[in-house]
There are 2 protein chains.
Amino acid sequence: MPKYIDIAGDIRNKIHNETYKTGSQIPPEYVLCGEYDCNRETMKKALKILVDEGLIVRRRGAGTFVMNHASKEKITSLSVTKNFPDQKVTSDVVVFEVIRSDARVADKLGIDKGTFVYHIIRNRSLSDTPYCVSESYLPVAMFPDLRKDVLYGSLYNYCEKTLKLKVQSSNISITSPLATKNDAFLGLNEFDGLVQIESIAHMNDGRTFEYAIIRMHPFSFRYEDCVILA
Amino acid sequence: MPKYIDIAGDIRNKIHNETYKTGSQIPPEYVLCGEYDCNRETMKKALKILVDEGLIVRRRGAGTFVMNHASKEKITSLSVTKNFPDQKVTSDVVVFEVIRSDARVADKLGIDKGTFVYHIIRNRSLSDTPYCVSESYLPVAMFPDLRKDVLYGSLYNYCEKTLKLKVQSSNISITSPLATKNDAFLGLNEFDGLVQIESIAHMNDGRTFEYAIIRMHPFSFRYEDCVILA
DNA sequence: GAGTGGTCTAGACCACATC
DNA sequence: ATGTGGTCTAGACCACTCT
(Lines give C-alpha, C1' and ligand atoms only; values in the text may rest on other atoms or scores of the structure.)
Protein backbone atom coordinates (compact mmCIF):
# COMPACT_ATOMS: atom_id res chain seq x y z
CA MET A 1 0.00 0.00 0.00
CA PRO A 2 1.44 3.36 -1.00
CA LYS A 3 2.44 5.65 1.81
CA TYR A 4 0.24 8.52 0.62
CA ILE A 5 -2.88 6.33 0.76
CA ASP A 6 -2.06 5.37 4.34
CA ILE A 7 -1.45 8.97 5.30
CA ALA A 8 -4.72 10.07 3.71
CA GLY A 9 -6.51 7.31 5.60
CA ASP A 10 -4.97 8.35 8.89
CA ILE A 11 -5.84 12.00 8.43
CA ARG A 12 -9.34 11.04 7.29
CA ASN A 13 -9.73 9.16 10.55
CA LYS A 14 -8.58 12.16 12.53
CA ILE A 15 -11.24 14.21 10.80
CA HIS A 16 -13.97 11.68 11.52
CA ASN A 17 -12.60 11.35 15.07
CA GLU A 18 -12.85 15.06 15.59
CA THR A 19 -9.14 15.08 16.34
CA TYR A 20 -9.26 17.62 13.57
CA LYS A 21 -12.56 19.40 14.07
CA THR A 22 -14.88 20.79 11.45
CA GLY A 23 -13.85 24.29 10.49
CA SER A 24 -10.47 24.11 12.18
CA GLN A 25 -7.10 24.49 10.57
CA ILE A 26 -4.88 21.42 10.42
CA PRO A 27 -1.10 21.60 10.72
CA PRO A 28 0.83 22.92 7.73
CA GLU A 29 2.51 20.60 5.28
CA TYR A 30 5.96 20.78 6.74
CA VAL A 31 4.68 19.75 10.17
CA LEU A 32 2.67 16.86 8.76
CA CYS A 33 5.71 15.79 6.76
CA GLY A 34 7.58 15.56 10.03
CA GLU A 35 4.78 13.62 11.75
CA TYR A 36 4.47 11.10 8.95
CA ASP A 37 8.13 11.12 7.96
CA CYS A 38 7.57 11.81 4.32
CA ASN A 39 8.41 14.25 1.60
CA ARG A 40 6.28 17.28 0.92
CA GLU A 41 5.10 16.01 -2.47
CA THR A 42 3.99 12.77 -0.88
CA MET A 43 2.00 14.70 1.69
CA LYS A 44 0.47 16.80 -1.09
CA LYS A 45 -0.65 13.61 -2.80
CA ALA A 46 -2.27 12.42 0.43
CA LEU A 47 -4.03 15.71 1.06
CA LYS A 48 -5.19 15.88 -2.57
CA ILE A 49 -7.23 12.74 -1.94
CA LEU A 50 -9.03 14.41 0.95
CA VAL A 51 -9.58 17.54 -1.12
CA ASP A 52 -11.16 15.42 -3.86
CA GLU A 53 -13.38 13.82 -1.24
CA GLY A 54 -14.51 17.25 -0.12
CA LEU A 55 -13.19 16.72 3.41
CA ILE A 56 -10.68 19.56 3.42
CA VAL A 57 -9.91 22.73 1.51
CA ARG A 58 -6.47 24.19 0.99
CA ARG A 59 -5.79 27.87 0.45
CA ARG A 60 -2.45 29.13 -0.65
CA GLY A 61 -1.04 31.51 1.89
CA ALA A 62 -3.67 30.61 4.47
CA GLY A 63 -3.61 26.92 5.30
CA THR A 64 -5.58 23.70 5.22
CA PHE A 65 -9.04 23.56 6.77
CA VAL A 66 -11.55 20.86 7.63
CA MET A 67 -14.81 21.19 5.73
CA ASN A 68 -18.25 20.64 7.18
CA HIS A 69 -18.53 16.98 6.32
CA ALA A 70 -21.94 16.30 7.77
CA SER A 71 -23.01 14.40 4.69
CA LYS A 72 -22.65 10.83 3.65
CA GLU A 73 -20.48 8.61 1.53
CA LYS A 74 -19.92 8.83 -2.19
CA ILE A 75 -21.32 6.07 -4.34
CA THR A 76 -18.70 3.37 -4.81
CA SER A 77 -20.43 0.84 -6.96
CA LEU A 78 -23.18 0.45 -9.50
CA SER A 79 -23.46 -3.23 -8.77
CA VAL A 80 -26.67 -4.04 -6.97
CA THR A 81 -25.00 -7.11 -5.50
CA LYS A 82 -22.09 -5.09 -4.11
CA ASN A 83 -24.21 -2.21 -2.88
CA PHE A 84 -26.38 -4.48 -0.79
CA PRO A 85 -24.05 -7.24 0.37
CA ASP A 86 -26.34 -8.15 3.24
CA GLN A 87 -29.48 -8.59 1.22
CA LYS A 88 -30.61 -11.41 -1.02
CA VAL A 89 -30.47 -10.22 -4.61
CA THR A 90 -32.63 -12.15 -7.04
CA SER A 91 -33.09 -11.63 -10.74
CA ASP A 92 -35.80 -12.76 -13.06
CA VAL A 93 -34.42 -12.86 -16.60
CA VAL A 94 -37.24 -11.54 -18.77
CA VAL A 95 -35.28 -11.24 -22.01
CA PHE A 96 -32.02 -12.91 -23.00
CA GLU A 97 -31.25 -12.73 -26.70
CA VAL A 98 -28.57 -11.86 -29.20
CA ILE A 99 -29.53 -9.14 -31.64
CA ARG A 100 -27.85 -6.85 -34.13
CA SER A 101 -27.21 -3.48 -32.51
CA ASP A 102 -29.18 -0.53 -33.78
CA ALA A 103 -27.61 2.89 -34.25
CA ARG A 104 -28.33 4.08 -30.72
CA VAL A 105 -26.90 1.06 -28.93
CA ALA A 106 -23.90 0.89 -31.26
CA ASP A 107 -23.16 4.53 -30.54
CA LYS A 108 -23.34 4.05 -26.79
CA LEU A 109 -21.07 1.00 -26.91
CA GLY A 110 -18.69 2.53 -29.42
CA ILE A 111 -19.11 -0.33 -31.90
CA ASP A 112 -20.34 -0.54 -35.50
CA LYS A 113 -24.05 -0.64 -36.12
CA GLY A 114 -25.19 -4.18 -36.75
CA THR A 115 -22.57 -5.78 -34.51
CA PHE A 116 -24.07 -8.56 -32.42
CA VAL A 117 -24.94 -7.68 -28.85
CA TYR A 118 -26.66 -9.42 -25.99
CA HIS A 119 -29.96 -7.84 -25.08
CA ILE A 120 -30.88 -8.61 -21.52
CA ILE A 121 -33.79 -7.48 -19.39
CA ARG A 122 -33.87 -8.43 -15.74
CA ASN A 123 -36.40 -7.78 -13.01
CA ARG A 124 -34.30 -7.52 -9.89
CA SER A 125 -35.38 -7.78 -6.29
CA LEU A 126 -33.77 -7.11 -2.93
CA SER A 127 -34.95 -9.59 -0.30
CA ASP A 128 -37.93 -10.38 -2.53
CA THR A 129 -38.95 -6.73 -2.84
CA PRO A 130 -38.90 -5.40 -6.42
CA TYR A 131 -35.92 -3.12 -6.77
CA CYS A 132 -35.28 -2.30 -10.41
CA VAL A 133 -35.80 -3.30 -14.01
CA SER A 134 -32.48 -3.34 -15.82
CA GLU A 135 -32.02 -3.52 -19.56
CA SER A 136 -28.46 -4.19 -20.69
CA TYR A 137 -26.65 -4.38 -24.00
CA LEU A 138 -23.24 -6.08 -24.11
CA PRO A 139 -21.04 -6.80 -27.15
CA VAL A 140 -21.08 -10.53 -27.87
CA ALA A 141 -17.42 -10.33 -28.88
CA MET A 142 -16.45 -9.46 -25.33
CA PHE A 143 -18.50 -12.21 -23.69
CA PRO A 144 -18.39 -15.16 -26.06
CA ASP A 145 -19.54 -17.63 -23.43
CA LEU A 146 -22.18 -15.68 -21.54
CA ARG A 147 -24.87 -18.04 -20.35
CA LYS A 148 -28.24 -17.24 -18.96
CA ASP A 149 -27.52 -18.65 -15.52
CA VAL A 150 -24.88 -15.98 -14.93
CA LEU A 151 -27.63 -13.40 -15.13
CA TYR A 152 -29.38 -14.68 -12.06
CA GLY A 153 -26.39 -13.39 -10.12
CA SER A 154 -24.13 -10.40 -10.60
CA LEU A 155 -22.88 -9.52 -14.04
CA TYR A 156 -20.15 -7.39 -12.48
CA ASN A 157 -18.97 -10.28 -10.33
CA TYR A 158 -18.90 -12.48 -13.42
CA CYS A 159 -16.69 -9.96 -15.21
CA GLU A 160 -14.31 -9.63 -12.31
CA LYS A 161 -14.21 -13.16 -10.93
CA THR A 162 -14.66 -15.36 -13.97
CA LEU A 163 -13.37 -13.25 -16.81
CA LYS A 164 -10.71 -11.49 -14.71
CA LEU A 165 -11.73 -8.16 -16.17
CA LYS A 166 -11.79 -5.07 -14.06
CA VAL A 167 -14.65 -2.62 -14.13
CA GLN A 168 -13.14 0.84 -14.23
CA SER A 169 -15.79 3.53 -14.46
CA SER A 170 -19.23 4.38 -15.62
CA ASN A 171 -20.77 7.45 -17.15
CA ILE A 172 -24.25 7.77 -15.81
CA SER A 173 -27.16 9.99 -16.58
CA ILE A 174 -30.12 10.21 -14.23
CA THR A 175 -33.54 11.29 -15.39
CA SER A 176 -37.09 10.90 -14.21
CA PRO A 177 -39.41 9.82 -17.03
CA LEU A 178 -42.86 8.27 -16.83
CA ALA A 179 -43.51 4.62 -16.19
CA THR A 180 -44.84 2.38 -18.94
CA LYS A 181 -46.71 -0.89 -18.77
CA ASN A 182 -43.30 -2.63 -18.73
CA ASP A 183 -42.60 -1.16 -15.33
CA ALA A 184 -45.47 -2.92 -13.64
CA PHE A 185 -42.93 -5.13 -11.87
CA LEU A 186 -41.95 -2.10 -9.79
CA GLY A 187 -45.51 -1.67 -8.61
CA LEU A 188 -46.00 1.38 -10.78
CA ASN A 189 -48.90 2.26 -13.02
CA GLU A 190 -48.50 3.68 -16.49
CA PHE A 191 -47.64 7.42 -16.28
CA ASP A 192 -46.41 7.21 -12.70
CA GLY A 193 -43.03 8.82 -12.12
CA LEU A 194 -39.92 6.68 -11.91
CA VAL A 195 -36.16 7.16 -11.85
CA GLN A 196 -34.02 6.01 -14.73
CA ILE A 197 -30.26 5.64 -14.71
CA GLU A 198 -28.48 5.21 -18.01
CA SER A 199 -25.01 3.79 -17.58
CA ILE A 200 -22.16 3.30 -19.99
CA ALA A 201 -19.63 1.11 -18.20
CA HIS A 202 -15.98 0.65 -19.04
CA MET A 203 -13.29 -1.94 -18.36
CA ASN A 204 -9.91 -0.87 -17.08
CA ASP A 205 -8.53 -1.32 -20.57
CA GLY A 206 -10.90 1.38 -21.78
CA ARG A 207 -13.31 -0.87 -23.67
CA THR A 208 -17.01 -0.18 -23.20
CA PHE A 209 -18.65 -3.38 -22.08
CA GLU A 210 -22.18 -2.42 -21.15
CA TYR A 211 -24.90 0.04 -21.96
CA ALA A 212 -27.60 -0.26 -19.35
CA ILE A 213 -30.91 1.39 -18.62
CA ILE A 214 -31.96 0.86 -15.04
CA ARG A 215 -35.45 1.85 -13.98
CA MET A 216 -36.31 2.10 -10.31
CA HIS A 217 -39.20 2.95 -8.09
CA PRO A 218 -38.67 6.56 -6.97
CA PHE A 219 -38.78 5.56 -3.33
CA SER A 220 -35.87 3.15 -3.81
CA PHE A 221 -33.69 5.85 -5.26
CA ARG A 222 -31.07 8.00 -3.59
CA TYR A 223 -27.91 9.40 -5.11
CA GLU A 224 -25.13 11.22 -3.27
CA ASP A 225 -22.39 13.29 -4.81
CA CYS A 226 -19.86 15.92 -3.87
CA VAL A 227 -19.68 18.54 -6.57
CA ILE A 228 -16.52 20.61 -6.60
CA LEU A 229 -17.48 23.96 -8.08
CA ALA A 230 -14.28 25.98 -7.61
CA MET B 1 -1.74 29.13 -15.80
CA PRO B 2 0.18 26.08 -14.60
CA LYS B 3 1.90 24.03 -17.25
CA TYR B 4 0.12 20.81 -16.28
CA ILE B 5 -3.29 22.41 -16.83
CA ASP B 6 -2.26 23.53 -20.29
CA ILE B 7 -0.90 20.11 -21.13
CA ALA B 8 -4.09 18.41 -19.91
CA GLY B 9 -6.11 20.83 -22.03
CA ASP B 10 -4.05 20.11 -25.11
CA ILE B 11 -4.30 16.36 -24.71
CA ARG B 12 -8.03 16.68 -23.98
CA ASN B 13 -8.37 18.50 -27.28
CA LYS B 14 -6.48 15.77 -29.10
CA ILE B 15 -8.93 13.26 -27.67
CA HIS B 16 -11.96 15.28 -28.73
CA ASN B 17 -10.26 15.89 -32.10
CA GLU B 18 -9.79 12.19 -32.62
CA THR B 19 -6.06 12.84 -32.92
CA TYR B 20 -6.05 10.28 -30.15
CA LYS B 21 -8.91 7.95 -31.06
CA THR B 22 -11.23 6.14 -28.68
CA GLY B 23 -9.72 2.88 -27.55
CA SER B 24 -6.25 3.67 -28.86
CA GLN B 25 -3.08 3.88 -26.86
CA ILE B 26 -1.47 7.27 -26.48
CA PRO B 27 2.29 7.79 -26.34
CA PRO B 28 4.05 6.80 -23.11
CA GLU B 29 5.01 9.35 -20.52
CA TYR B 30 8.59 9.81 -21.57
CA VAL B 31 7.55 10.62 -25.14
CA LEU B 32 4.90 13.11 -23.99
CA CYS B 33 7.47 14.68 -21.66
CA GLY B 34 9.62 15.28 -24.71
CA GLU B 35 6.75 16.68 -26.77
CA TYR B 36 5.67 19.09 -24.05
CA ASP B 37 9.14 19.73 -22.63
CA CYS B 38 8.29 18.90 -19.06
CA ASN B 39 9.22 16.63 -16.25
CA ARG B 40 7.62 13.25 -15.79
CA GLU B 41 5.85 14.26 -12.57
CA THR B 42 4.37 17.27 -14.32
CA MET B 43 3.07 15.04 -17.09
CA LYS B 44 1.62 12.68 -14.48
CA LYS B 45 -0.24 15.59 -12.95
CA ALA B 46 -1.66 16.52 -16.35
CA LEU B 47 -2.73 12.97 -17.14
CA LYS B 48 -4.24 12.55 -13.67
CA ILE B 49 -6.72 15.28 -14.58
CA LEU B 50 -7.86 13.35 -17.62
CA VAL B 51 -8.08 10.15 -15.60
CA ASP B 52 -10.31 11.93 -13.09
CA GLU B 53 -12.47 13.15 -15.96
CA GLY B 54 -12.84 9.58 -17.18
CA LEU B 55 -11.23 10.37 -20.53
CA ILE B 56 -8.27 8.01 -20.22
CA VAL B 57 -7.17 5.01 -18.21
CA ARG B 58 -3.61 4.20 -17.27
CA ARG B 59 -2.36 0.69 -16.61
CA ARG B 60 1.02 0.04 -15.12
CA GLY B 61 3.11 -2.04 -17.46
CA ALA B 62 0.66 -1.60 -20.33
CA GLY B 63 0.15 2.05 -21.20
CA THR B 64 -2.35 4.87 -21.38
CA PHE B 65 -5.56 4.41 -23.33
CA VAL B 66 -8.40 6.63 -24.49
CA MET B 67 -11.76 5.70 -22.99
CA ASN B 68 -15.03 5.65 -24.83
CA HIS B 69 -16.09 9.17 -24.02
CA ALA B 70 -19.40 9.25 -25.85
CA SER B 71 -21.13 10.88 -22.95
CA LYS B 72 -21.55 14.46 -21.93
CA GLU B 73 -20.09 17.00 -19.59
CA LYS B 74 -19.90 16.82 -15.84
CA ILE B 75 -22.03 19.24 -13.89
CA THR B 76 -20.00 22.37 -13.13
CA SER B 77 -22.42 24.53 -11.26
CA LEU B 78 -25.46 24.38 -9.06
CA SER B 79 -26.34 27.94 -9.88
CA VAL B 80 -29.43 28.14 -12.04
CA THR B 81 -28.23 31.48 -13.36
CA LYS B 82 -24.86 30.07 -14.40
CA ASN B 83 -26.24 26.84 -15.82
CA PHE B 84 -28.56 28.68 -18.17
CA PRO B 85 -26.71 31.85 -19.10
CA ASP B 86 -28.80 32.32 -22.23
CA GLN B 87 -32.18 32.14 -20.56
CA LYS B 88 -34.04 34.66 -18.50
CA VAL B 89 -34.06 33.50 -14.89
CA THR B 90 -36.81 34.96 -12.74
CA SER B 91 -37.57 34.33 -9.10
CA ASP B 92 -40.68 34.91 -7.10
CA VAL B 93 -39.75 35.25 -3.44
CA VAL B 94 -42.47 33.38 -1.58
CA VAL B 95 -40.86 33.42 1.86
CA PHE B 96 -38.11 35.67 3.20
CA GLU B 97 -37.75 35.61 6.95
CA VAL B 98 -35.24 35.24 9.75
CA ILE B 99 -35.93 32.36 12.10
CA ARG B 100 -34.13 30.40 14.78
CA SER B 101 -32.70 27.22 13.27
CA ASP B 102 -34.20 23.95 14.38
CA ALA B 103 -32.07 20.89 15.06
CA ARG B 104 -32.16 19.61 11.48
CA VAL B 105 -31.14 22.88 9.84
CA ALA B 106 -28.49 23.58 12.48
CA ASP B 107 -27.00 20.14 11.89
CA LYS B 108 -26.84 20.64 8.13
CA LEU B 109 -25.24 24.06 8.48
CA GLY B 110 -22.89 22.99 11.25
CA ILE B 111 -24.14 25.69 13.62
CA ASP B 112 -25.76 25.63 17.05
CA LYS B 113 -29.48 25.01 17.25
CA GLY B 114 -31.34 28.27 17.70
CA THR B 115 -28.83 30.36 15.76
CA PHE B 116 -30.57 32.84 13.47
CA VAL B 117 -30.85 31.82 9.84
CA TYR B 118 -32.55 33.24 6.80
CA HIS B 119 -35.36 31.06 5.55
CA ILE B 120 -36.02 31.68 1.89
CA ILE B 121 -38.41 30.04 -0.52
CA ARG B 122 -38.26 30.99 -4.17
CA ASN B 123 -40.30 29.90 -7.16
CA ARG B 124 -37.85 30.06 -10.02
CA SER B 125 -38.58 30.14 -13.73
CA LEU B 126 -36.53 29.82 -16.89
CA SER B 127 -37.85 32.04 -19.67
CA ASP B 128 -41.15 32.24 -17.79
CA THR B 129 -41.48 28.47 -17.54
CA PRO B 130 -41.59 27.14 -13.96
CA TYR B 131 -38.28 25.45 -13.24
CA CYS B 132 -37.90 24.76 -9.55
CA VAL B 133 -38.98 25.60 -6.04
CA SER B 134 -35.95 26.26 -3.87
CA GLU B 135 -35.95 26.49 -0.11
CA SER B 136 -32.72 27.82 1.41
CA TYR B 137 -31.37 28.31 4.89
CA LEU B 138 -28.37 30.64 5.36
CA PRO B 139 -26.69 31.72 8.61
CA VAL B 140 -27.53 35.36 9.27
CA ALA B 141 -24.03 35.87 10.70
CA MET B 142 -22.53 35.21 7.29
CA PHE B 143 -24.88 37.53 5.38
CA PRO B 144 -25.59 40.43 7.71
CA ASP B 145 -26.87 42.67 4.94
CA LEU B 146 -28.86 40.27 2.81
CA ARG B 147 -31.80 42.09 1.30
CA LYS B 148 -34.79 40.67 -0.45
CA ASP B 149 -33.97 42.22 -3.81
CA VAL B 150 -30.83 40.11 -4.08
CA LEU B 151 -33.04 37.05 -4.15
CA TYR B 152 -34.66 38.00 -7.43
CA GLY B 153 -31.27 37.31 -8.99
CA SER B 154 -28.56 34.81 -8.22
CA LEU B 155 -27.56 34.15 -4.64
CA TYR B 156 -24.31 32.60 -5.85
CA ASN B 157 -23.48 35.68 -7.90
CA TYR B 158 -24.18 37.84 -4.85
CA CYS B 159 -21.74 35.75 -2.80
CA GLU B 160 -19.02 35.92 -5.42
CA LYS B 161 -19.45 39.40 -6.82
CA THR B 162 -20.65 41.45 -3.86
CA LEU B 163 -19.31 39.59 -0.87
CA LYS B 164 -16.13 38.39 -2.63
CA LEU B 165 -16.66 34.92 -1.25
CA LYS B 166 -15.88 31.89 -3.32
CA VAL B 167 -18.21 28.94 -3.54
CA GLN B 168 -16.11 25.82 -3.23
CA SER B 169 -18.19 22.68 -3.26
CA SER B 170 -21.54 21.19 -2.49
CA ASN B 171 -22.64 17.88 -1.11
CA ILE B 172 -25.81 16.91 -2.84
CA SER B 173 -28.33 14.16 -2.39
CA ILE B 174 -30.93 13.41 -5.03
CA THR B 175 -34.18 11.68 -4.26
CA SER B 176 -37.59 11.42 -5.82
CA PRO B 177 -40.36 12.01 -3.29
CA LEU B 178 -44.00 12.89 -3.86
CA ALA B 179 -45.26 16.36 -4.62
CA THR B 180 -47.27 18.27 -2.06
CA LYS B 181 -49.68 21.16 -2.45
CA ASN B 182 -46.70 23.50 -2.13
CA ASP B 183 -45.34 22.21 -5.44
CA ALA B 184 -48.32 23.41 -7.45
CA PHE B 185 -46.05 26.06 -8.97
CA LEU B 186 -44.30 23.29 -10.89
CA GLY B 187 -47.56 22.21 -12.46
CA LEU B 188 -47.71 19.11 -10.30
CA ASN B 189 -50.63 17.70 -8.38
CA GLU B 190 -50.35 16.34 -4.88
CA PHE B 191 -48.77 12.85 -4.94
CA ASP B 192 -47.23 13.30 -8.38
CA GLY B 193 -43.55 12.37 -8.57
CA LEU B 194 -40.90 15.06 -8.45
CA VAL B 195 -37.14 15.28 -8.10
CA GLN B 196 -35.58 16.79 -5.00
CA ILE B 197 -31.98 17.87 -4.62
CA GLU B 198 -30.68 18.60 -1.16
CA SER B 199 -27.52 20.65 -1.21
CA ILE B 200 -25.09 21.65 1.50
CA ALA B 201 -22.83 24.28 0.00
CA HIS B 202 -19.45 25.43 1.24
CA MET B 203 -17.24 28.48 0.85
CA ASN B 204 -13.60 28.09 -0.02
CA ASP B 205 -12.74 28.76 3.59
CA GLY B 206 -14.66 25.65 4.57
CA ARG B 207 -17.66 27.38 6.12
CA THR B 208 -21.07 26.01 5.24
CA PHE B 209 -23.16 28.86 3.91
CA GLU B 210 -26.31 27.25 2.57
CA TYR B 211 -28.57 24.31 3.10
CA ALA B 212 -31.00 24.13 0.21
CA ILE B 213 -33.82 21.88 -0.86
CA ILE B 214 -34.57 22.23 -4.53
CA ARG B 215 -37.67 20.61 -5.95
CA MET B 216 -38.06 20.23 -9.71
CA HIS B 217 -40.49 18.89 -12.20
CA PRO B 218 -39.18 15.45 -13.21
CA PHE B 219 -39.07 16.45 -16.86
CA SER B 220 -36.75 19.37 -16.08
CA PHE B 221 -34.28 17.11 -14.39
CA ARG B 222 -31.12 15.48 -15.72
CA TYR B 223 -27.94 14.71 -13.84
CA GLU B 224 -24.69 13.47 -15.37
CA ASP B 225 -21.79 11.95 -13.50
CA CYS B 226 -18.73 9.86 -14.11
CA VAL B 227 -18.38 7.28 -11.38
CA ILE B 228 -14.92 5.83 -10.95
CA LEU B 229 -15.37 2.34 -9.56
CA ALA B 230 -11.83 0.98 -9.65
C1' DG C 1 13.83 -8.64 -20.86
C1' DA C 2 12.14 -4.41 -22.29
C1' DG C 3 8.89 -1.07 -21.65
C1' DT C 4 5.30 0.92 -19.05
C1' DG C 5 3.30 3.48 -15.22
C1' DG C 6 3.57 4.14 -9.72
C1' DT C 7 5.93 5.95 -5.80
C1' DC C 8 9.04 8.75 -3.31
C1' DT C 9 12.62 12.01 -2.45
C1' DA C 10 15.28 16.57 -2.12
C1' DG C 11 15.37 20.83 -3.44
C1' DA C 12 14.20 25.02 -5.89
C1' DC C 13 11.34 28.93 -6.89
C1' DC C 14 6.89 31.22 -6.89
C1' DA C 15 2.13 33.25 -5.49
C1' DC C 16 -0.72 34.39 -2.10
C1' DA C 17 -2.66 35.53 2.74
C1' DT C 18 -1.90 37.42 6.86
C1' DC C 19 0.19 40.36 10.07
C1' DA D 1 8.19 39.97 6.57
C1' DT D 2 6.75 35.49 7.44
C1' DG D 3 4.48 31.47 6.56
C1' DT D 4 1.45 29.06 3.75
C1' DG D 5 0.38 26.15 -0.27
C1' DG D 6 1.40 25.63 -5.70
C1' DT D 7 4.47 24.28 -9.29
C1' DC D 8 8.29 22.13 -11.37
C1' DT D 9 12.48 19.56 -11.75
C1' DA D 10 15.93 15.57 -11.73
C1' DG D 11 16.65 11.35 -10.40
C1' DA D 12 15.93 6.98 -8.05
C1' DC D 13 13.72 2.60 -7.39
C1' DC D 14 9.83 -0.45 -7.86
C1' DA D 15 5.72 -3.26 -9.83
C1' DC D 16 3.46 -4.64 -13.45
C1' DT D 17 2.37 -6.22 -18.51
C1' DC D 18 3.47 -8.09 -22.52
C1' DT D 19 5.69 -11.37 -25.62
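The structure presented is a predicted model; accordingly, all values stated were derived computationally and were not measured.
- Contact annotation: A:Thr42 does not reach the phosphate of C:dT7 (side-chain N/O to OP1 or OP2, under 4.0 Å).
- Nucleotide D:dG6 holds its P atom 6 Å from the CD atom of A:Glu29, rounded to whole Å.
- Side-chain nitrogen and oxygen atoms of A:Thr64 include none within less than 4.0 Å of the OP1 or OP2 phosphate oxygen of D:dT4.
- In this structure, A:Tyr36 atom OH and C:dT7 atom C1' are separated by 19 Å, rounded to whole Å.
- In this entry the distance linking CE of A:Met1 with P of C:dG6 reads 16 Å, nearest Å.
- Along DNA chain C, the nucleotide closest to A:Met43 and the one closest to A:Arg60 are compared, and the more 5′ of them pairs with A:Met43.
- Residue A:Asp37 contributes atom CG, which lies 9 Å from atom P of C:dA10 at whole-angstrom precision.
- Atom CZ in A:Phe65 sits roughly 12 Å away from atom P in C:dA17 (whole-Å rounding).
- Judged purely by distance below 3.5 Å, without hydrogens or angles, the side chains of A:Arg222 and B:Ser173 pair a donor atom with an acceptor atom.
- The nearest whole Å value for the distance from the CD atom in B:Gln25 to the P atom in C:dG3 is 13 Å.
- Heavy atoms of B:Arg59 sit under 4.0 angstrom from primed sugar atoms or phosphate atoms, though from no base atom.
- Applying the 4.0 Å criterion to OP1 and OP2 of D:dG3, one finds that A:Tyr30 has every side-chain N and O outside that range.
- OP1 or OP2 of C:dG6 has at least one side-chain nitrogen or oxygen of B:Lys44 nearer than 4.0 Å.
- Atom-to-atom, CG of B:Leu32 to C1' of C:dG3 comes out at 15 Å; the value is rounded to the nearest Å.
- When distances run from any side-chain atom of B:Asn39 to the nucleotides C:dG6, D:dA10, C:dA17, the shortest one goes to D:dA10.
- OP1 and OP2 of D:dG6 both lie 4.0 Å or more from every side-chain N or O belonging to A:Lys48.
- Distance check, rounded to the nearest 0.5 Å: CZ of B:Phe65 to CD1 of B:Ile56 gives 11.0 Å.
- Residue A:Lys3 has a polar side-chain atom (N or O) positioned under 4.0 Å from OP1 or OP2 of C:dT9.
- Counting heavy atoms from C-beta on, the side chains of B:Ile120 and B:Tyr137 never come closer than 4.5 Å.
- Per the geometry, OH belonging to A:Tyr4 stands 14 Å off C1' belonging to D:dC14, to the nearest Å.
- To the nearest 0.5 Å, atoms CD1 (B:Ile197) and SG (B:Cys132) are separated by 8.0 Å.
- B:Lys45 forms a cation-pi arrangement with B:Tyr4, by the criterion of a distance under 6.0 Å to the ring centre and an angle within 45° of the ring axis.
- The shortest distance between the side-chain N/O atoms of B:Arg58 and the OP1/OP2 oxygens of C:dG6 is below 4.0 Å.
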